[in-house]
Amino acid sequence: MSRNCLVLHFNMHAIITLKAGKERSLLRFHPWVFSGAISDTKGQPSEGDIVEVREKSGKTLGYGHFQTGSITVRMLRFGNLFPDRDFWNEKIAAALEVRKRIGLFPGGSTNVFRLVHGEGDGLPGLVIDYYDGVCVVQCHSTGMFREREHIVNALKAAFGEKLISVYDKSSETLSKGVSEKNEFLFGDEISGKEVMENGHRFAVDWVSGQKTGFFIDQRENRKLLGEYSNGKKILNTFCYSGGFSVYALQNNAKEVHSLDSSKKAIELTETNIALTNKGAQHKSIVADAIPYLRNIEKDYDIIVLDPPAFAKHLSAKHNAIQGYRRLNEEAIRQIKPGGLIFTFSCSQVIDMELFTGAVMSAAINAGRNVRILHRMHQPADHPVSIFHPEGEYLKGLVIAID
Ligand code: SAH
């Protein structure tokens, strides 16, 4: 019996052998195998198959998802063990355990968090956001998409009764044709829910909203804005569902203006403002941020700049830097003396040094003195594996302008 299993097992997966020396990054737990590192492939793996990766000497390094392209394998498990059902249960349980340690689960004033942050949780290509009992899954690789059943079972095992439903929203994050449609994989088919973040109420709609429905990664930075908001006039550009605006208003901002180029986003913002009864101090604006900033009164105490990723790929890096420079330059020119700008970049390929450089160029062009008060990052539920620095994507500065 065991011998049969062994034979079956060998037939089930292809084997990828690396060129000599190319095992080094894997031995350091970097989870990607690039196409150039491969010496030969035994078997014919299809998109998303689990393959075994071996070093040149024949020793097994681990198992991962195969995908055609520059990143050919995304490692799931290092060592000799095949990633079976127990593997998925262990990984999801471990991810939840970290969120418990951070104090996000079972939750009090916050019941929305990122449960799985890809490589940062040892699950390359997988994002799961948790909205008070509802898990929204986004797969970024075909292999992960094919593991949906394991993922749902592991979520059921980890959350038990607390799990209301699991919604798969991978059709927007996968190449065309891999996922036909977004759908519920388990539980009640509810499209949205009111959740709490640091005691603030937000209506989230994961079916029609952007990404998984809410930008969870700004939780701590919104809190920081709240600390500076008392009595201030604030412009929140790229507001989406009004996260920063709600914190500002709840912390007694004198006035908040929320701007987004999407009418739908502004409607979400207004819904969230209405939950807090602070509508009187709020105005919403549907506009393109850069031309709008060019013509504003110079009477804002604080401006928030949180644009979508300007660089989605390495090739777009130069243009992205110019984009950040232009946007920040307008805001630095227009802010009231003594004002603050909360400025962000969520482009993975633009690191803190490059981003700071873009803001410095903006300050030079605007001809104003600028000081950095805070450096901001993604929060602890978006962990970064020390072996995979590529997992760090959100960075921001609070700058004071004389
Ligand atoms: N700060 C938000 C998240 C921002 S997401 C939060 O805390 O939830 C980026 C937003 O920028 C999206 O809502 C998108 O509609 C908007 N956007 C994209 N291009 C824009 C532009 N040129 N001007 C204004 N808004 C824009």
Side-chain angles (χ1 to χ4, degrees), residues 110 112-114 129 131 136 172 192 195-198 200-206 208-226 229 234-251 253 256-273 275-276 282-296 302-312 316 319-320 322-331 334 341-348 350 376-379 381-382 393-398:
T110 298
V112 38
F113 57 86
R114 177 151 292 188
D129 286 340
Y131 295 102
V136 182
E172 342 184 330
V195 295
M196 284 247 279
E197 188 187 82
N198 288 320
H200 302 301
R201 296 162 64 193
F202 289 99
V204 175
D205 186 326
W206 39 85
S208 68
Q210 292 185 30
K211 305 274 173 103
T212 67
F214 192 59
F215 289 85
I216 299 172
D217 54 3
Q218 289 288 21
R219 182 177 60 246
E220 288 172 5
N221 306 326
R222 290 177 186 134
K223 192 164 172 227
L224 186 64
L225 176 74
S229 293
I234 299 172
L235 174 63
N236 177 18
T237 65
F238 308 91
C239 67
Y240 185 52
S241 59
F244 285 99
S245 304
V246 166
Y247 278 64
L249 288 166
Q250 290 294 84
N251 285 281
V256 175
H257 297 170
S258 304
L259 176 145
D260 202 286
S261 57
S262 147
K263 190 158 177 289
K264 179 87 203 309
I266 289 297
E267 284 166 13
L268 295 173
T269 296
E270 290 186 341
T271 302
N272 287 327
I273 303 289
L275 290 174
T276 64
H282 182 256
K283 189 173 103 182
S284 38
I285 303 149
V286 180
D288 187 338
I290 292 194
Y292 186 83
L293 280 166
R294 215 167 276 150
N295 296 307
I296 54 172
I302 302 179
I303 298 176
V304 179
L305 306 172
D306 184 22
F310 283 166
K312 296 230 162 40
N319 285 345
Q322 294 311 320
Y324 290 118
R325 204 253 311 132
R326 268 197 298 278
L327 175 65
N328 282 275
E329 190 178 320
E330 293 302 341
Q334 301 295 53
I341 299 176
F342 281 62
T343 179
F344 298 94
S345 160
C346 58
S347 304
Q348 185 261 318
I350 309 288
M376 298 173 284
H377 302 275
Q378 63 213 55
D381 52 338
H382 294 60
Y393 70 101
L394 182 65
K395 69 235 39 119
L397 299 170
V398 178

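Order of appearance sets the numbers: ligands from 1, and atoms from 1 within every ligand. Bear in mind that the values here come from a model prediction, so they are computed numbers and not experimental data. Sequential numbering from 1 along the given sequence is applied to the chain's residues.
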Are any of the side-chain nitrogens in Glu267 or Lys263 under 4.0 Å away from the carboxylate oxygens of its partner? yes

Min N/O separation Asp260 to ligand 1 under 3.5 Å: yes

Could you tell me, atom by atom, which parts of ligand 1 come under 4.0 Å of a heavy atom of Ala289? 21 (C), 23 (N), 24 (C)

Taking distance alone, with N or O pairs closer than 3.5 Å, would you say Pro308 contacts ligand 1? no

Is it the case that the ring center of Phe342 lies less than 6.0 angstrom away from the ring center of Phe244? no

Using a strict cut-off of 4.0 Å, indicate which atoms of ligand 1 neighbour a heavy atom of Asp288. 21 (C), 22 (N), 23 (N)

Is Lys264 reaching over with its side chain to a backbone N or O of Gly209, donor-acceptor style, under 3.5 angstrom? no

For the pair Gln334 (side chain) and Arg294 (backbone), establish whether a donor and an acceptor sit closer than 3.5 Å, ignoring hydrogens and angles. yes

Report, in ascending order of atom number, the atoms of ligand 1 lying under 4.0 Å from any heavy atom of Asp306. 1 (N), 2 (C), 3 (C), 4 (C), 9 (C)

Which of the atoms of ligand 1 are close to Ala287, meaning less than 4.0 Å from one of its heavy atoms? 23 (N), 24 (C)

Ser262 heavy atoms within 4.0 Å reach ligand 1 at atoms 15 (O)

Picking from Ser261, Pro307, Ser262, what satisfies side-chain contact (heavy atoms from CB on, under 4.5 Å) with Phe238? Pro307

Does a salt bridge link Arg219 with Asp381, judged by any charged N lying under 4.0 Å from a carboxylate O? yes

Residue and atom name of the nearest protein heavy atom (relative to atom 4 (C) of ligand 1), distance in Å to one decimal: Phe238 O, 3.1 Å

Contact atoms of ligand 1, heavy-atom distance to Arg222 under 4.0 Å: 6 (C), 7 (O), 8 (O)

Can you sort out which atoms of ligand 1 are near Cys239, meaning under 4.0 Å from one of its heavy atoms? 2 (C), 6 (C), 8 (O)

Could you tell me if any non-hydrogen atom of Lys264 lies under 4.0 Å from any atom of ligand 1? no

Do Tyr240 and Phe215 have their ring centres less than 6.0 Å from each other? yes

Restricting to non-hydrogen atoms, name the atom on Tyr324 and the atom on Pro308 that form the minimum distance, rounded to 0.1 Å. OH-O, 4.2 Å

For a side-chain contact (heavy atoms from CB on, under 4.5 Å) with Leu259, tell me which candidate from Asp288, Asn236, Thr237, Leu293 qualifies. Thr237

At what distance is the nearest protein heavy atom to atom 5 (S) of ligand 1, and which residue and atom is it? Phe215 CZ, 3.5 Å

In terms of residue, atom name and distance, what is the protein heavy atom nearest to atom 19 (N) of ligand 1? Ser261 OG, 3.7 Å

